[in-house]
Amino acid sequence: MLEWLVIGGMVLVFGILADDWYAKRHRKPLSHMKPDPKTLKGFTGMEELDITRANQKIAREKETK
């Protein structure tokens, strides 16, 4: 029984230390994940997630009808 308490305590301490380390870690903003248009070749799939382009495409489709 005592072994399980020791193991549980160690897991708790390591969890707290890991949480503290993760909270203080430097993070880059998500904007660094955007593809570079200069090096982009072809369709990446992210174009459909861009609301501005989607609205432009809808506006063009309405104009042609």
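Side chains are part of it too, since the values below use all heavy atoms of this structure and drop only hydrogens, waters and symmetry mates.
With sequence neighbours left out, D20 forms a salt bridge (charged side-chain N to carboxylate O under 4.0 Å, His left out) with K24.
For the atom pair I58 CD1 and E63 CD, the distance stands at 12.5 Å (nearest 0.5 Å).
Under a 4.5 Å side-chain heavy-atom criterion applied to ILVMFWY residues, the cluster that includes Y22 comprises W21 as well.
Only one option out of V13, I7, L12, V6 pairs with M10 in a side chain to side chain contact (heavy atoms under 4.5 Å, CB included); it is V6.
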